K.L.:
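The structure's right below; bear with me while I get my questions together.
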Amino acid sequence: MNHFFSLDLSSVEPRDADEAWCFVVHEQNLYIDFAQQPGNLGIPRLPAFLLRQHPNYRYIGVLHGQPCYVCDEGEHELADQRLHPTPLRQILGQLDDDTFTMVARALQVMSWRQNHRFCSRCGSPTMPHERELAMICPACDYRQYPRITPCVIALISDGEYALLGRSARFPSGFYSCLAGFMEAGETAEQAVRREVMEETGIQVGDLRYTRSQSWPFPHSLMLGFHGDYAGGDIVIDDDEIVDAGWFRHDQLPRTPPPGSIAHTLIEQWRAPYR
């Protein structure tokens with residue numbers, strides 16, 4: 001185990017740690033201890049040997065040199081303080097990249113285990129694999145690994161203006177980059193052009209890949225792009241989004257917070273105009 005790295009998602013469980021992070025989750029909530037110092041964000045730390053020996057806690061990696069375990073709130077039996085459910089979206093901007101990655105992993109692992117209690121091949125009850133991050137079927141030996149759904153998200157710009165859309169799920173006045181799931185057989189670039197055209201009627205020219213982000217809502221991998229406007233007028237589909245518009249870099253509406261890939265795409269586009 002190389003502790004010079006702040007984040008390690010390997011399956012090799014360290015055996016020499018005294019303390020470990022304990023990620024207690026349920027649905028999209030992270031359970032935190034409000035009494036802890038703000039710098040820790042209230043994520044509990046417990047003796048590593050207790051978490052390692054208890055069947056309710058699943059090892060998921062190393063964060064800042066300490067092993068991490070995850071447990072569903074309903075099975076958290078090692079509690080020594082009261083924990084409070086906090087939506088991940090609410091604290092997104094307070095997490096560094098490595099901590100967000102581990103929290104996202106914790107949420108996705110528990111969601112996957114909850115949704116794969118039965119074999120998708122024969123219908124028999126499954127059980128956790130002893131070594132791998134997998135659910136295995138004792139009846140037919142079929143293994144189910146955590147599901148990851150690729151999505152694309154893109155900021156389309158035309159000089160000082162960027163195309164932003166508002167989903168019906170968003171609060172009033174909140175806009176973001178256009179995004180959507182990839183379909184079978186598509187490349188990421190094809191998915192961007194299709195989604196933007198379907199949602200707004202806008203044609204996309206050159207595309208530049210920027211970065212990716214694990215996005216646990218509920219189990220996505222977001223692939224981020226910057227794209228150039230190539231033509232067309234806005235015609236919203238009135239299904240995925242309810243409004244869209246071109247916004248000048250210094251006259252933006254309310255947009256996603258720091259920590260999200262959408263925020264990164266918007267800020268990178270705005271940087272040359274400041």
Side-chain angles (χ1 to χ4, degrees), residues 28-29 86-95 97 100 103-104 107 149-183 186 188-274:
Q28 296 299 323
N29 291 318
T86 306
L88 179 56
R89 292 181 185 272
Q90 181 176 315
I91 58 173
L92 182 61
Q94 304 174 47
L95 301 172
D97 288 345
F100 175 80
V103 175
L107 288 169
T149 305
C151 306
V152 292
I153 181 168
L155 184 72
I156 309 305
S157 61
D158 184 12
E160 296 185 355
Y161 292 82
L163 178 64
L164 300 175
R166 191 172 82 82
S167 167
R169 304 186 307 273
F170 291 170
S172 177
F174 186 98
Y175 287 74
S176 186
C177 305
L178 301 178
F181 293 102
M182 291 177 60
E183 295 186 355
E186 279 188 322
E189 292 80 4
Q190 289 170 337
V192 170
R193 292 189 167 92
R194 175 185 53 77
E195 283 288 342
V196 174
M197 174 58 72
E198 289 178 354
E199 294 181 356
T200 66
I202 295 298
Q203 300 173 28
V204 178
D206 290 340
L207 281 170
R208 297 168 297 283
Y209 172 77
T210 301
R211 57 165 292 186
S212 63
Q213 182 178 40
S214 178
W215 195 244
F217 302 109
H219 43 65
S220 301
L221 174 65
M222 304 293 291
L223 306 175
F225 289 84
H226 282 282
D228 297 332
Y229 169 72
D233 297 320
I234 294 177
V235 180
I236 62 170
D237 65 357
D238 209 22
D239 180 21
E240 295 288 336
I241 62 173
V242 295
D243 190 31
W246 292 100
F247 295 89
R248 186 181 158 93
H249 66 90
D250 55 357
Q251 298 176 347
L252 295 181
R254 182 183 171 195
T255 56
S260 66
I261 192 169
H263 178 85
T264 299
L265 292 173
I266 292 171
E267 290 305 302
Q268 287 181 347
W269 162 70
R270 293 181 64 196
Y273 300 108
R274 292 179 175 173

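Because the structure is a prediction, the values reported are computed rather than measured. One-based numbering along the sequence shown.
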K.L.:
Would you say the side chain of L95 lies within less than 4.5 Å of the side chain of L88, judging by non-hydrogen atoms?
P.N.:
yes

K.L.:
Take a 6.0 Å sphere around CZ of R208 and say whether it holds more than 12 heavy atoms from other residues, nucleotides or ligands.
P.N.:
yes

K.L.:
Indicate the atoms forming the closest heavy-atom contact of G232 with I202, along with that distance.
P.N.:
O-CD1, 3.4 Å

K.L.:
Within the 4.5 Å heavy-atom criterion, are Q213 and I153 side-chain neighbours or not?
P.N.:
no

K.L.:
Between the main-chain N or O of M222 and the side-chain N or O of S220, is there a donor-acceptor pair closer than 3.5 Å?
P.N.:
no

K.L.:
Atom NE2 in H249, atom CZ in F247: separation rounded to 0.5 Å?
P.N.:
14.5 Å

K.L.:
Just wondering, more than 12 heavy atoms not from D250 lying within 6.0 Å of its CG?
P.N.:
yes

K.L.:
Look only at the side chain of Q90 and the backbone of P87, and say whether a donor-acceptor pair between them is shorter than 3.5 Å.
P.N.:
no

K.L.:
Any side-chain heavy-atom pair from F100 and P216 closer than 4.5 angstrom?
P.N.:
yes

K.L.:
Nearest 0.5 Å, please: how far is CD1 in I241 from CD1 in I234?
P.N.:
8.0 Å

K.L.:
Search all heavy atoms of S214 against all heavy atoms of L221 and return the closest pair with its distance.
P.N.:
N-CD1, 4.1 Å

K.L.:
L207 and E189: which non-hydrogen atoms are nearest, and at how many Å?
P.N.:
CD1-O, 3.7 Å

K.L.:
Which pair of non-hydrogen atoms, one from W269 and one from S157, has the smallest distance, and what is that distance?
P.N.:
NE1-CB, 3.6 Å

K.L.:
Starting at SG of C151, measure out to CD1 of I261 and round the result to the nearest 0.5 Å.
P.N.:
10.5 Å

K.L.:
Under 4.5 Å between any side-chain heavy atoms of F170 and V242, yes or no?
P.N.:
no

K.L.:
Nearest 0.5 Å, please: how far is CG in L265 from NE2 in H226?
P.N.:
4.5 Å

K.L.:
Checking P171 now: which residues fulfil side-chain contact (heavy atoms from CB on, under 4.5 Å) with it, not counting sequence neighbours?
P.N.:
F174, R254

K.L.:
Taking only residues two or more places apart in sequence, or in another chain, which ones meet S260 in a side-chain contact (heavy atoms from CB on, under 4.5 Å)?
P.N.:
L92, W215, P256, P257, A262, H263

K.L.:
Identify the two heavy atoms, one from R166 and one from S172, that lie closest to each other, and give their separation to 0.1 Å.
P.N.:
NH1-CA, 4.1 Å

K.L.:
Only one of L155, D158, I156 passes side chain to side chain contact (heavy atoms under 4.5 Å, CB included) with L163; say which it is.
P.N.:
I156

K.L.:
Would you give the length of the straight line joining atom OG1 of T86 to atom CD1 of I91, rounded to the nearest 0.5 angstrom?
P.N.:
6.0 Å

K.L.:
Enumerate the salt bridge (charged side-chain N to carboxylate O under 4.0 Å, His left out) contacts for residues 265-274, please, sequence neighbours excluded, ordered by first and then second residue.
P.N.:
E267-R270, E267-R274

K.L.:
Could you check if a side-chain atom of Y229 sits within less than 4.5 angstrom of a side-chain atom of Y161, using non-hydrogen atoms only?
P.N.:
no

K.L.:
Can you find a heavy atom in the side chain of E195 that is under 4.5 Å from one in the side chain of L178?
P.N.:
no

K.L.:
Heavy atoms only: give me the nearest V192-A154 pair and the separation to one decimal.
P.N.:
CG1-CB, 3.7 Å

K.L.:
So do the side chains of E198 and E240 get within less than 4.5 Å of each other, counting heavy atoms only?
P.N.:
no

